Student: 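The structure under discussion is supplied below as structure tokens; questions concerning it will follow.
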Amino acid sequence: HIPELNVQADRELARRSPKVALTMVPVIALVTFITDLHAQALELSLGFLALSTILGFYRVYLAFEFDDLYKASPRSWMNRFAALMLFSAGIYGLAVPAVYFAMGSGWTMLIVLLSVTGMSASATSSIAPRQNMFRSYVGLMLVPITLVLFVFGNMTEKGLGMLVLFFLGQLLVLGSYSHRVFWDSLRNAHLLEERAENLTRAKAEVEAANEAKSEFLNNVSHEIRTPLNGILGLTDMVLETKLDPQQEEHLKIVRSSGDTLLEIINEILDFSRLESRGLKLESKVFNLRQVIRKVAVQGELSCRENGNSLKVELDEAFPVEVIGDESRLLQILNNLVSNAVKFTKLGTILLQGELVHRQDGLAAFTLR
């Protein structure tokens, strides 16, 4: 049992009440009209009709004012509702024995009994959310006439009592089933809400962690890039001085390694921007052949380390100027060449460009 679901169960009692609260009023009026009650006990029937009307409207009142009354005192609302239901059941349950003793087990008693059993059956849906209340309600309505028929009735009436008792048992079984189904649905809905809240919290935590990670990567990348730019700048300055061939070769390797490291840092920044949806592609004119030459120059040194050679083949019709994001294309091609070098020993890395189609100022080409 989940205590916080009691509110939902009681609210469901209130929600279902207006639909059945006044059902007994027209039933009593009709029973009075079609039986001998209108001739032999009219005043009693009218009094019973008035009492049922008052009880019905009070039940409607408790239903419509549920939020305010329940908020003020849940126990008070439940006590008032339970007292109303059990009092109503006791009144209806005593009506059948009263008719039996006054008029016998004829047509009138059978019609009254049929009406009361029908009302008890309606409680299976209206108050089954509270099983103890349901059991007490149908017991107060059907047990009195069952006892009367068993104690005072003849064999036929005792058989009728057995029929009523069997009907009572069926109601209790159906009420238990309805109660279980209702509470299972409440519990399942509650568990789904809890899981949804947990998932929402987990999602918020993951997003916060990703945001913190992206911020960390941004900060660290910027901090690293500042001294690295200084190293690259000083390396360029030294390369402009007079150096012997070996020194120049070593400094070119330093410069190439620094460029590679700078590209890695830029990739980290791009990754963090992608996660935060802050990466935007540029659209400007640039020299495509010059980008490919840059890739070839940067890839030559790494190729030598593995005993590889780098070869570039471009179609004569291959475009020179294109519109796009130069830095992103350079980054992609460098990654492709780097991966090719990494998995190749004593071989040739071929960077090939080919024009596929040109029309109306638009060109389709391949780079592989």
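In this text the structure is predicted, and so the values were computed from the model without any measurement. The first residue in the sequence is number 1, and the count goes up from there. We use all heavy atoms of the structure for the numbers below, so side chains are in, but hydrogens, waters and symmetry mates are not.
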Student: Any side-chain heavy atom of M109 within less than 4.5 Å of one from V112?
Tutor: no

Student: So does G175 get a backbone contact from the side chain of S178, meaning a donor-acceptor N/O pair under 3.5 Å?
Tutor: no

Student: Find out if a path of hydrophobic residues (ILVMFWY) with successive side-chain heavy-atom gaps under 4.5 Å connects F48 to L94.
Tutor: no

Student: Do the side-chain N and O atoms of R11 and Y70 include a donor-acceptor pair separated by under 3.5 angstrom?
Tutor: no

Student: Run M133 and M85 through side-chain contact (heavy atoms from CB on, under 4.5 Å) and show every step you take.
Tutor: CA-CA 8 Å; M133 186 187 302; M85 296 306 298; 4.1 Å; yes

Student: Cluster question for you: counting only ILVMFWY and a side-chain heavy-atom cut-off of under 4.5 Å, with indirect links fine, are Y58 and V20 together?
Tutor: no

Student: Treating T124 as the side-chain partner and A121 as the backbone partner, does any N or O pair qualify as donor plus acceptor under 3.5 Å?
Tutor: yes

Student: Give the minimum heavy-atom separation between R16 and S126, together with the two atoms involved.
Tutor: CD-O, 3.9 Å

Student: Indicate yes or no: at least one non-hydrogen side-chain atom of M162 is less than 4.5 angstrom from one of F167.
Tutor: no

Student: Report yes or no: do V96 and F166 belong to one cluster of Ile/Leu/Val/Met/Phe/Trp/Tyr joined by side chain heavy-atom distances under 4.5 Å?
Tutor: no

Student: Please say which of R15, R75, R130 ends up in a salt bridge (charged side-chain N to carboxylate O under 4.0 Å, His left out) with D10.
Tutor: R130

Student: To the nearest 0.5 Å, how far apart are NZ in K158 and CG in L165?
Tutor: 14.0 Å

Student: Kindly compute the distance separating OG1 (T32) from CG (L46), expressed to the nearest 0.5 Å.
Tutor: 7.0 Å

Student: When rounded to the nearest 0.5 angstrom, what is the spacing between CG in L168 and OG1 in T117?
Tutor: 11.0 Å

Student: Restricting to non-hydrogen atoms, name the atom on T146 and the atom on G161 that form the minimum distance, rounded to 0.1 Å.
Tutor: CG2-O, 3.7 Å

Student: After noting the C-alpha distance and the side-chain angles of Y100 and E157, does the key distance pass the side-chain hydrogen bond (donor to acceptor under 3.5 Å, both in side chains) rule?
Tutor: CA-CA 11 Å; Y100 173 80; E157 292 167 350; 2.8 Å; yes

Student: On a heavy-atom basis, which atom in P18 and which in F64 lie closest, and how many Å separate them?
Tutor: CG-CE2, 3.9 Å

Student: Going from CG on L55 to CD1 on I91, what distance comes out if it is rounded to the nearest 0.5 angstrom?
Tutor: 7.5 Å

Student: If we ignore angles and hydrogens, is there a donor and acceptor under 3.5 Å between the side chains of R195 and N198?
Tutor: no

Student: Can you tell me how far apart NE2 (H250) and CD (Q247) are? Round to the nearest 0.5 Å.
Tutor: 9.0 Å

Student: Test L49 against every option in V25, V27, I54 by the side chain to side chain contact (heavy atoms under 4.5 Å, CB included) rule and name the one that passes.
Tutor: V25

Student: Given E249 and L243, is the side-chain contact (heavy atoms from CB on, under 4.5 Å) satisfied, shown in steps?
Tutor: CA-CA 9 Å; E249 181 70 17; L243 301 170; over 6 Å; no

Student: Tell me if the CZ atom of F57 is crowded by more than 12 foreign heavy atoms within 6.0 Å.
Tutor: no

Student: Do F152 and L147 have side chains that approach each other closer than 4.5 Å (heavy atoms only, starting at C-beta)?
Tutor: no

Student: So, do L140 and L86 sit near enough that their side-chain heavy atoms are less than 4.5 Å apart?
Tutor: yes

Student: Once rounded to the nearest 0.5 Å, what's the spacing between atom CG of L110 and atom OG of S115?
Tutor: 10.5 Å

Student: Mind running side-chain contact (heavy atoms from CB on, under 4.5 Å) on S120 and L171 for me, showing each step along the way?
Tutor: CA-CA 8 Å; S120 64; L171 284 183; 3.4 Å; yes

Student: Can you name the nearest heavy-atom pair linking Y92 to V116, along with the distance?
Tutor: O-CG2, 3.7 Å

Student: Do M119 and M141 have side chains that get closer than 4.5 Å, going by heavy atoms?
Tutor: yes

Student: Please report the shortest heavy-atom distance between E12 and P129, naming the atom on each side.
Tutor: CG-CG, 4.4 Å

Student: Side-chain heavy atoms under 4.5 angstrom apart, residues restricted to Ile, Leu, Val, Met, Phe, Trp, Tyr: same cluster for F182 and L192?
Tutor: no

Student: Using every non-hydrogen atom in the two residues, find where I34 and W107 come nearest and quote the distance to one decimal.
Tutor: O-NE1, 3.4 Å

Student: Go through the steps to decide whether W183 and L5 satisfy the test side-chain contact (heavy atoms from CB on, under 4.5 Å), and finish with yes or no.
Tutor: CA-CA 9 Å; W183 277 93; L5 298 183; 3.7 Å; yes

Student: Answer with yes or no whether the hydrophobic clustering places V7 together with L13; edges join I, L, V, M, F, W, Y residues whose side-chain heavy atoms lie under 4.5 Å apart.
Tutor: yes

Student: In plain terms, say whether D184 and R187 are close enough for a salt bridge, that is, a side-chain N and a carboxylate O under 4.0 Å apart.
Tutor: yes

Student: Kindly assign one of parallel, tilted or perpendicular to the pair F66 and W77, based on the angle between their ring planes and the thresholds 30° and 60°.
Tutor: perpendicular

Student: Is there a side-chain contact between L172 and Q131 in this structure, where contact means two heavy atoms from C-beta onward sitting under 4.5 Å apart?
Tutor: no

